[in-house]
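Predicted model, so just to flag it, every value in this text is computed and none were measured. The first residue of the sequence shown is numbered 1, and numbering continues consecutively from there.
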Amino acid sequence: MNFNPFDLVKNAKAIQEQLAKVQEELNGLSAVGSAGGGIVRVTLNGQFEILSVELDPVAVDPRDIPMLQDLIAAAHADAMEKIKEEIKSRAGSLAGIPGLGGMMPGFPQS
């Protein structure tokens, strides 16, 4: 890894502006995860907070509560994965800032 701390200091203002922009975009981000062929849907925001849980009446079988719990957990995991992918996509613009790309796993060194 060829990391030059002076590049990071030199570009601190640009990094701070980019991070603020990404944070602002994340505040408006949401994703819907589903499970069981869409009978359970969970909506998360960019902070991974649950905004809503939607259940098809078919999913509500009082004799099989564990299945419903598993479906809710699976829908939540699906929505989290979508939010993570969107964060990776949007944070990609930070990789182009000299000195920062080499510090972030998965990002090319500048």
statement: Nearest heavy-atom approach of H76 to F48 is NE2-O, 4.5 Å
field: Evaluation steps, side chain to side chain contact (heavy atoms under 4.5 Å, CB included), between L44 and V42
entry: CA-CA 7 Å; L44 299 181; V42 173; 4.1 Å; yes
- prompt: Atom OG of S30 and atom CD of E49: how far apart are they, to the nearest 0.5 Å?
  reply: 12.5 Å
message: I'd like to know whether E17 forms a salt bridge (charged side-chain N to carboxylate O under 4.0 Å, His left out) with K21, so could you lay out the CA-CA distance, the side-chain angles of the two residues, the decisive distance to 0.1 Å, and finally the verdict.
response: CA-CA 6 Å; E17 289 171 359; K21 181 181 175 189; over 6 Å; no
Return all side-chain donor-acceptor pairs below 3.5 angstrom for residues 56-64, not counting sequence neighbours, or 'none' if the list is empty.
unit_1, atom_1, unit_2, atom_2, d
D56, OD1, V58, N, 2.8
D61, OD1, R63, N, 3.0
D61, OD1, R63, NE, 3.1
D61, OD2, R63, NH2, 3.4
D64, OD1, M67, N, 3.4

- prompt: Counting heavy atoms not belonging to Q16, are there more than 12 under 6.0 Å from its CD?
  reply: no
ILVMFWY network linking L51 to M80, side-chain heavy atoms under 4.5 angstrom: no
message: Within the 4.5 Å heavy-atom criterion, are D78 and V32 side-chain neighbours or not?
response: no
field: Rounded distance (nearest 0.5 Å) linking atom CG of L29 with atom CD1 of I87
entry: 6.5 Å
task: Using atom types as modelled and distance alone, determine if a side-chain donor or acceptor of K82 lies under 3.5 Å from a backbone N or O of G33.
output: no
query: Quick one: side chain to side chain donor-acceptor pair (under 3.5 Å) pairs with a partner in residues 32-43, sequence neighbours left out?
result: T43-S52
- request: Specify the closest pair of heavy atoms between I39 and L71, including all atoms of both residues, with the distance to one decimal.
  value: CD1-CD1, 3.8 Å
